[in-house]
Structure formats: C-alpha cells, structure tokens
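Hydrogens, waters and symmetry mates are skipped; everything else that's a heavy atom, side chains included, is used. A, B, ... follow the sequence lines: proteins, then strands. Residue 1 opens every chain.
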Number of protein chains: 2
Amino acid sequence: MTQERPDLRERKKRATQEALREAALRLALERGTANVRVGDIAEAAGVSPRTYNNYFSSREQAIVAAVTAQRETRIAEAMAAQPAHVPLTDAVTAAIVDIYTTPGDDDHAALLLITTDPALRHAFLDTTAAIEAPLTTAIAQRLGHTDRCLLYTVPTGSLPGLLRAALAPLAPALDTAR
Amino acid sequence: MTQERPDLRERKKRATQEALREAALRLALERGTANVRVGDIAEAAGVSPRTYNNYFSSREQAIVAAVTAQRETRIAEAMAAQPAHVPLTDAVTAAIVDIYTTPGDDDHAALLLITTDPALRHAFLDTTAAIEAPLTTAIAQRLGHTDRCLLYTVPTGSLPGLLRAALAPLAPALDTAR
DNA sequence: CAGGAAACTTGCGTGCACGCAAGTTTGCGT
DNA sequence: ACGCAAACTTGCGTGCACGCAAGTTTCCTG
C-alpha cells in the first residue's frame, strides 16, 4: 500500500476545510445555528469570509459537512472493525446500528441540530446521504466491484430494533450482490 | 493613537515571518547552526522551503533576524520603561546596559551563537545593527524630529562598565541633539 | 405592505505560497 | 586537486487566499 503523500498545498487545503467544518459545528452547537455568522466561522478557522465561500457555497453546508464527515469516519471504522468472515449483510447493519446506539461526543446533539433546523435538513438532503460513500467503498472492498446503495435514515425515536427493521429490506440486495 | 489594524493578509505574513524566525533560532540552539537545513526551518514553520526564501535570502538571515527582533523589542521595552524626566543620554545608555545585564531566556545563548559562527556574524553585520531601529524611534519620540545613530557593539567579555565606556562617546551627540 | 439594514453569495483583480527545474555553492571522499 | 553529492538560492508558472464591490436574500420595523 503506497501511502501516496499529498503535497503541502493539498494538505493545507484539507486542513482549512476541516478547520472550517469543525468551527462551524462547534459554534452551531454552542450558540445555535441562527446565531452563527459566516464571518465567525471564518475567523475561528483563521481564514477570510471570502475563503469560506471558496469551500462551501452556503452557510449551512459547513455544519452539515462536519456531521457528514464525522459519520463517514465512524461508518468506515465500524465496517473495518467487523471481522472479514461476518456476512456482508450483518456487517452493514451492525455498522449502521453501531452509529445510532453508541454515539460519539457531540454526535447526538449534532444530529438533533440537523434534524431540527429546516435549512440544515435541506442542506443535508442536498448532499448525497452521509452513509453512502463509506459504505460503498467498504462493500466494494469486500466484493470485487462497485455497487451503489442509497440509504436515507432519519432517526425519529430510533431504537436498535427500529433500525434493524428499517435496514432489513436491504438484506436481499446485499446478498444477491455477492 | 488610532491602532490601525492591518488586514488579514498582513497579519498572516507577519505570523509566518515570526514562525520562521522562531523556528530557525530554536533549531539552531537545539542542534547547532551547522545541522539546520532550510527545509527543517520551513517545515517547523509550516511552509514550503521555497517560501522560506521568499522571506529570507539566505539560510542565516532567519536566525539573525530572530535575535535582532528579540533585541528590538527588548530595547523598545527598556526605553519605554524609562521615566520621561530621565535625561536622554542616561535613558539610552541604561536601556542598552539593561539588555546586556538582564538577559532573557535564550538571549545569551543566541548571542554566543551569532558571535561564534562566522557566517552568522557576517549576516548579522549585513543587517543594520540590531539596536538602531528601536533606538532611533524612541529618540525621535522624545525629540521632535528624526536623528539617526549607528551603534556597533560586539560583546567581548562585556561588563556593564565596558558598555558604559563604549557608549560614553555618544553622550555629546545625544545632548546636542536636544 | 413598503423600506431598509444586516448578512449572504459571487465575480474579479491582486498578491502570496507552492512546486519545479536550473544554476550555484559547499563540503567531503578519493 | 578533482569530482561528486547534498544543500542552497532563484526564476517561472500555477493555484489558492484575500479584499472589494455588486447583486441577492432575509428579517425586522414602521
């Protein structure tokens, strides 16, 4: 695995993107979405407001991106944690259930934030669902080729059982994929 | 006093300049001047080697600049600390003496570094003497106009008495300046 | 509902950071 | 003394960050 190291420019770009996401989420959690100015996020991330809009084309996108990124890494981790011999179907459902049952630091609050605010919800649905990317790559790694699966899961009174039920319909698709 | 705040670009430029100076001095003190690569300084400051040479045109300049900057601020502080009623002559000599007698953290080591290494000495003398700028501004503030004074003081076995002696010739010039 | 202020988003020109490649210096081993 | 290798310095082209100004949205107030 040649760990292709990106050059300095690339690293800095990623760093400011992450700084912006992080700052946006933190501020939104601290004082509520309505009280966060673009200038505040930019300042907290150490860049100009103009630069914010070079990375995100709306005020909400950064917040959504932050949550999305969090969940992407968590899903990837959860999938990687599954032993290889576990059937694909079970691995996927377990990984997703894991997210909703064992939340990280501000994960719950962030989700609440997004599901509460209309603008955030809209921005969230604009992005391809947060769970798609890491799942497809994980699945692709298991199988030989790339299949796409699209999941929309909005947690309303969510319990592990509810989740399993909601994910059950996917089982045949995943099985036939192999 | 309208504290004219420089814009973000300016602040960032100053920041990286300072980061470079700081990194250069720290590394030079840690491992000796000979074992410091330009790339190391740049990396420690978070910029590319190319950028180092946008700020300093030689490997030694950053180290020298670091010491120079340190001394500039210390001289400025020392001059500011003098009560206004103290005669100009005494204020200047006291400020300079203060530098050599009550050194800061790595001030001594830094000076030793510079006076030891030939390349550093050369680079140091290339820059207008470290003490000039803050002194002239301080003096200018006291008088109404701008006078220039050039001091070359290389501390060889320096003692307060030696310093006072060396600075004595300046007294008449400073007195007539008023 | 009209008017206006504050915040947002975007096009544009400028300046700095970067990577690259060429030319130069430095220091070392033979 | 010679040649080589590593490090340094600099010109050049490209891309990103910034400031600015214009157009738009949003929200509040009369």
Side-chain angles (χ1 to χ4, degrees), chain A residues 4-25 27-28 31-66 117-124 126-127, chain B residues 4-24 27-28 31-66 116-124 126-127:
Chain A
E4 178 80 44
R5 178 135 53 124
D7 67 7
L8 185 54
R9 265 212 185 113
E10 192 63 22
R11 272 180 284 161
K12 284 193 173 181
K13 230 170 39 162
R14 292 183 194 277
T16 59
Q17 235 238 6
E18 186 179 342
L20 283 171
R21 270 179 301 168
E22 209 172 87
L25 181 55
L27 290 177
R31 31 172 125 150
T33 316
N35 302 325
V36 178
R37 313 263 153 264
V38 166
D40 300 336
I41 304 177
E43 186 177 4
V47 298
S48 81
R50 182 65 185 87
T51 297
Y52 175 93
N53 282 301
N54 285 347
Y55 285 87
F56 302 100
S57 56
S58 87
R59 186 168 65 88
E60 294 84 8
Q61 270 191 15
I63 304 175
V64 171
D117 187 285
L120 285 185
R121 255 203 320 272
H122 186 268
F124 179 70
D126 262 1
T127 75
Chain B
E4 177 81 44
R5 179 132 57 120
D7 68 6
L8 184 54
R9 263 209 186 116
E10 192 63 21
R11 272 179 285 160
K12 284 192 173 181
K13 232 172 37 165
R14 292 182 193 277
T16 59
Q17 235 238 6
E18 186 179 341
L20 283 171
R21 271 180 298 166
E22 209 172 87
L27 291 178
R31 30 171 125 151
T33 316
N35 303 326
V36 179
R37 312 265 154 264
V38 167
D40 300 336
I41 304 177
E43 187 177 3
V47 298
S48 80
R50 182 65 185 87
T51 297
Y52 175 92
N53 282 301
N54 284 348
Y55 284 87
F56 302 101
S57 56
S58 87
R59 186 169 65 89
E60 293 84 8
Q61 271 190 16
I63 304 175
V64 170
T116 296
D117 187 285
L120 284 185
R121 255 202 322 270
H122 185 268
F124 178 70
D126 262 2
T127 76

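Contact between V36(A) and R31(A) at its shortest, heavy atoms only, is CG2-CG, 4.2 Å. Residues L20(B) and A42(B) approach most closely at CD2-CA, 4.2 Å, considering heavy atoms. Closest heavy-atom contact between V38(B) and R59(B): CG2-CG, 3.7 Å.
Taking for each of E10(A) and F56(A) the nucleotide of DNA chain C with the nearest heavy atom, the 5'-most of the two is the partner of F56(A).
Residue R59(A) is in sugar-phosphate contact alone, with no base atom involved, counting any heavy-atom pair closer than 4.0 Å across all strands shown. Residue contacts for R37(A): at a heavy-atom cut-off of 4.0 Å it reaches the sugar-phosphate backbone alone, with no base atom in range.
Atom-to-atom distance recorded for Y55(B):OH and Q61(B):CD is 14.0 Å, nearest 0.5 angstrom. Taking CG of D40(B) as the start and CG of N35(B) as the end, the distance is 9.5 Å to the nearest 0.5 Å.
When DNA chain C is scanned 5' to 3' for any atom under 4.0 Å from a heavy atom of chain A, the first and last hits are dA7(C) to dG19(C).
Side-chain contact between I63(B) and T33(B) is present, with heavy atoms from C-beta onward closer than 4.5 Å.
Tested against R14(B) for a side-chain contact (heavy atoms from CB on, under 4.5 Å), the candidates E10(B), E18(B), R11(B), K12(B) yield a single pass: E10(B).
Less than 4.0 Å separates DNA chain C from at least one heavy atom of each of the following residues of residues 12-22 of chain A: K12(A).
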